[in-house]
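Here the structure is laid out as structure tokens; the discussion comes afterwards.
Since this is a predicted model, take the numbers as computed values, not measurements. First listed ligand is number 1; within each ligand, the first listed atom is number 1.
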Amino acid sequence: VTIEPRVLRQFAETVGPSHVLTDADVVAGYAADFTGRFVGATPAVVRPADTEQVASVVAVCRSAGLPIVPQGGNTGLVGGGVPLAGEVLLSLRRIDEISDVDEVSGQLTAGAGASLATVQQRAAAAGWRYGVDMASRDSATIGGTVATNAGGLRVLRHGDTRAQVLGIEAVLGTGSTVSHLGGLIKDNTGYHLPSLLCGSEGTLGIVTAVRLRLVAPAVDPVVALVGLGSVAEAVTTAGHLRRQVHGCEAIELFVAEGLELVCRVAELPLPTARMHPAYLLVEVSGGEGASTALAAALDAAPGVGETAVATDAARAAQLWRYREAHTEAINSLGPPHKLDVTLPASALAEFMGVVGAAVHAVAPGSRTWLFGHAADGNVHVNVTGVPPDRDDVDDVVFELVSGYGGSISAEHGIGTAKRAWLHLNRSAAELDAFRGIKKALDPDAILNPNVLLSV
Ligand code: S2G
Ligand code: ZN
């Protein structure tokens, strides 16, 4: 896609010439995704400073018929935030102010370009906590986590991003701006646009600010890394922990193969005396009482081998690293196919036992890596050793998941990577409803036209 000089001038008049980037080397960084699997190109990166400038850029693109890819931290994992069809790249990073921090009600307003880590820090400074956390916290932007309804490590305790969003400001594809950031907990006045726009992946509106609910900070968190005899016993134990240990903040799952890779790539010592087939990384909040309840639950749980417990922050961070380093360790093997899926709890262990062989049958040279959020039934199936554009591996995994009644996307969204399989999870009636909403809010189909819904 080329852009007429007249349009580039209009962009420059709107955001300032230094915030319209066209140099190929500079824009390349915006056009490739975090994993390296999705690499596109854009004729221009435009960096607005506020909602009004976003609205102006949308107006220029609507009149010029130019499609837009909105982008935050570019840590998305399903090719939803990169210009794969020559779209204009609209970066939200400059809109990063955090305001109206309310220490009484536990709320704050964040510009879309603020990093997740910055939001977490501002919440902590106000004596609260933001309930969503994930390894990409330093580069993911809050706007991107809203656009994708990011899940992360604490869905078990605090829910997904949608559960935190009280209000939203966004520029719709119609060119109009909706803004409702008052933060009233109960405001039952019509359609809930924050819920609709959260998870819409930039296809209905460009999120520019959100009003977020904050939660109580953890009290003396205790972290335990538990080695178990099998994935099945790990899944069963995760259920025991959820039922018996109040204050469970997170229950993460990984397996021996992934731990071996992490120790090798991140140069970490094995966390237990011997290697176990499966591991749970558990964080509970509540100090003495919680760690006693945790110990009792683990004593009664099946298959528990060794347990490494951390009661101080430094050791807790070391134990978390074994889980959080999975993404970078897998990325070091080359662009993975990341198939973030959800299984019904009753099928999770069986699925994890068969998916590797199913993938190997169509891609003998590949390796399959499994880890995820045990309590949410969410496993991150990462396949390495397969060319980025082959999708038979994706097909095998999604068909297998669908057969178990699972979801082809637990938390990363659909993006461009999973559009072809959306019908496995959504009926024709639902897809028609999606298209009706898309037509109403983005009538010219200029907002992420190649994402989520097939054009
Ligand atoms: C996680 C991050 C992305 C991935 O670590 O929970 O959501 O699949 C993932 O590597
Ligand atoms: Zn995850």
Test of understanding: given a 4.0 Å heavy-atom threshold, classify the contact between Met134 and ligand 1 as side chain, backbone, both, or neither.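 Near ligand 1, Met134 shows nothing, with every heavy atom at 4.0 Å or more.
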Is it the side chain (CB and beyond), the backbone, both or neither of His326 that lies under 4.0 Å from ligand 1, heavy atoms counted?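 The answer is neither.
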His240 atom NE2, over 12 foreign heavy atoms within 6.0 Å: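 It does: His240 NE2 has more than 12 such atoms within range.
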Between [X] and [Y], is there a donor-acceptor pair closer than 3.5 Å when you use the side chain of the first and the backbone of the second?
| X | Y | answer |
| --- | --- | --- |
| Glu306 | Ala273 | yes |
| Glu267 | Cys263 | no |
| Asn378 | Ala410 | no |
| Lys418 | Val78 | no |

Any idea which atoms of ligand 1 are less than 4.0 Å away from a heavy-atom of [X]?
| X | result |
| --- | --- |
| His373 | 6 (O) |
| Lys338 | 3 (C), 4 (C), 8 (O), 10 (O) |
| His412 | 3 (C), 7 (O), 8 (O), 9 (C) |

Flag the pair Leu228 / Pro277 as yes when at least one side-chain heavy-atom distance between them is below 4.5 Å, and no otherwise.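 Leu228 vs Pro277: side chains apart.
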Is there a side-chain contact between Leu89 and Val27 in this structure, where contact means two heavy atoms from C-beta onward sitting under 4.5 Å apart?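 When only atoms from C-beta onward are counted, Val27 and Leu89 do not touch, as no gap falls below 4.5 Å.
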Considering only protein heavy atoms, which is closest to [atom], and at what distance to one decimal place?
| atom | value |
| --- | --- |
| atom 1 (C) of ligand 1 | Arg323 NH2, 3.3 Å |
| atom 2 (C) of ligand 1 | Thr327 OG1, 3.7 Å |
| atom 9 (C) of ligand 1 | His380 NE2, 3.3 Å |

Under 2.8 Å from the Zn ion (ligand 2), the protein N, O or S atoms, given as residue and atom: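 Near the Zn ion (ligand 2), the protein supplies His373 NE2, His380 NE2, Glu411 OE2.
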Taking all atoms of both residues into account, what is the closest heavy-atom pair of Val223 and Leu319, and its distance?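 Heavy-atom minimum between the residues: O-CD1, 3.8 Å.
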Ala297 versus Leu241, closest heavy-atom pair with distance: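 Shortest heavy-atom separation between Ala297 and Leu241 comes out as CB-CD2, 3.8 Å.
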What pairs meet the salt bridge (Lys or Arg N to Asp or Glu O under 4.0 Å) rule with one or both residues in residues 307-325, with sequence neighbours excluded?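 Qualifying pairs, neighbours excluded: Arg137-Glu324, Glu252-Arg323, Arg321-Glu328.
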Tell me whether ligand 1 is touched by Leu77 - counting only heavy atoms on the residue side and a distance under 4.0 Å.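 A heavy atom of Leu77 does come that close to ligand 1.
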